[in-house]
2 protein chains.
Amino acid sequence: MDMGSKGEHSRQRIIDAADRLFYIKGFNQTSFSDIAEAAGVARGNFYYYFKTKDDILQAVIEKRAEDIRRMLEDWEASYPDPRDRLRRYVTILTKEQQHIEKFGCPMGTLCTELAKLRHARQTQAAEMFELFRCWLEKQFRLLGHKDDARDLALHLMAREQGAAIIANAYHDSAFLQREADDTLRWLDTV
Amino acid sequence: MDMGSKGEHSRQRIIDAADRLFYIKGFNQTSFSDIAEAAGVARGNFYYYFKTKDDILQAVIEKRAEDIRRMLEDWEASYPDPRDRLRRYVTILTKEQQHIEKFGCPMGTLCTELAKLRHARQTQAAEMFELFRCWLEKQFRLLGHKDDARDLALHLMAREQGAAIIANAYHDSAFLQREADDTLRWLDTV
DNA sequence: GTCTATATAATGATAGAC
DNA sequence: GTCTATCATTATATAGAC
């Protein structure tokens, strides 16, 4: 019941800063000093909230998952038509153009990095994908797809990831837009 | 003309070891000690061949580019039909299943990491993609595509990258196979 | 809860003997 | 061309005063 205390504020600031830095610089390339500085917290005080780097990674993943859940709920409330919901998903590429071109997809790049690190939180990070997969699958089911709803959801996610990788490698946000348009056309045929 | 000397052997062993480790562990996560150990070279001796970590990254990128060029030449020699050549490209996903599931695509993951590091060799790494893009574009042109050959090449690359990301995140090589099959069907409609 | 100071290990990189 | 020894820096992590 002490949510307004300085402590909780510091904790949240650390998570927010880590979330941003993990995306921009990568997990392993982000030091405690980087996070502490960005959060405006003394280095030593850091360990009052997070004992290990694994702890803060876990907190960041949980935060991102929560953000995703909230976003999907918003979309579901805003768009009654499942097809419009799927379209909204594709439109991430358009709305996040600038970031994707520079840093790729937050989910995709984190999972890629954790896989190479053979990090214990790898599975947990992949569950961010699962949130999207389940939600997308549900929309495809509402459109009448039974056996292939799951495959369609995974395929749609793969398209977004592929577009993000190429756009990031080439620093080409125009390509991102073309891929988004192409995916929207594909959606109409499904 | 001294290609059989011990020196050149060491240099090549270092490059080969770095190539493998950069793929498996990532560039920044691979230390000089890791490479030296894997190559069977003393840590100090390392600097006789490569002054900085940037130097060895450059050498690895050049090696990978050379491997790609050779592979594309082989494909061109083996398959007279441009459509078969495009199919061969898609089949990478099948042949490299095991590696992709564990470590993703060597090109894609390296470009992603260098982008986050804001590394100077980022552009050079992206030229590995360019080798594929040019070659794929040429095949699409041979199939009669004029204005959209370039876009088709980029789209095909994005598909492979997307499949690799999802397969890596889920450690699911069966998905990789389904995406490969799906892409082959798409190729038939182009 | 917040801070300074510090321990400890690993990193990229150098110097110099052989 | 190969090696050992070492420097400077940075990283994660801890101790303890306030």
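Quick note: numbers below take in every heavy atom, side chains included, and nothing from hydrogens, waters or symmetry partners. Everything quoted here is computed from the prediction, not taken from an experiment. In what follows, chains carry the letters A, B, and so on, assigned in the order in which the sequence lines appear, proteins first and then strands, with residues in each chain numbered from 1.
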- [ ] Let me have DNA chain D in dot-bracket notation, would you? Count Watson-Crick plus G-U wobble pairs, both distances under 3.5 Å, and use [ ] for pairs crossing earlier ones and | for inter-strand partners.
- [x] ||||||||||.|||||||

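- Taking 4.0 angstrom as the limit, A:Y49 places none of its side-chain polar atoms (N or O) nearer than this to OP1 or OP2 of C:dG1.
- Using the six-membered ring where Trp is involved, B:F103 and B:H99 have ring planes that are parallel, under 30° apart on the 30 and 60° scheme.
- The closest side-chain donor-acceptor pair between B:R159 and B:H155 falls under 3.5 angstrom.
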- [ ] Would you sort out whether B:E76 and B:K138 count as a salt bridge (Lys or Arg N to Asp or Glu O under 4.0 Å), showing the intermediate values?
- [x] CA-CA 11 Å; B:E76 219 164 310; B:K138 190 165 71 177; 3.3 Å; yes

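- Nucleotide C:dT2 holds its P atom 13 Å from the CZ atom of A:R11, rounded to whole Å.
- Remark: nothing in residues 112-123 of chain B comes within less than 4.0 Å of DNA chain C through any heavy atom.
- The cationic atom of B:K102 (NZ for Lys, CZ for Arg) does not lie both less than 6.0 Å from the six-membered ring centre of B:Y23 and within 45° of the ring axis.
- Between A:F132 and A:Y89, the ring planes lie tilted relative to each other; the angle falls in the 30° to 60° range.
- When atom types are taken as modelled, the side chain of A:D74 and the backbone of A:M71 share no donor-acceptor pair closer than 3.5 angstrom.
- Aromatic ring orientation, B:F27 versus B:F22: perpendicular (interplanar angle above 60°, classes split at 30° and 60°).
- Taking the six-membered ring for Trp and thresholds of 30 and 60 degrees, A:F46 and A:F32 have nearly parallel ring planes, at less than 30 degrees apart.
- In this structure, A:E37 atom CD and C:dC3 atom C1' are separated by 16 Å, rounded to whole Å.
- By the 4.0 Å N-to-carboxylate-O rule, A:D67 lies close enough to A:K63 to be salt-bridged with it.
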Task: Sequence-aligned protein contact record of nucleotides 11-18 of chain D, with B where the base is within under 4.0 Å of a protein heavy atom and S where only the sugar-phosphate is - done: SSBB----

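- For the residue pair B:S173/B:Q98, the side-chain donor-acceptor check at 3.5 Å is not satisfied.
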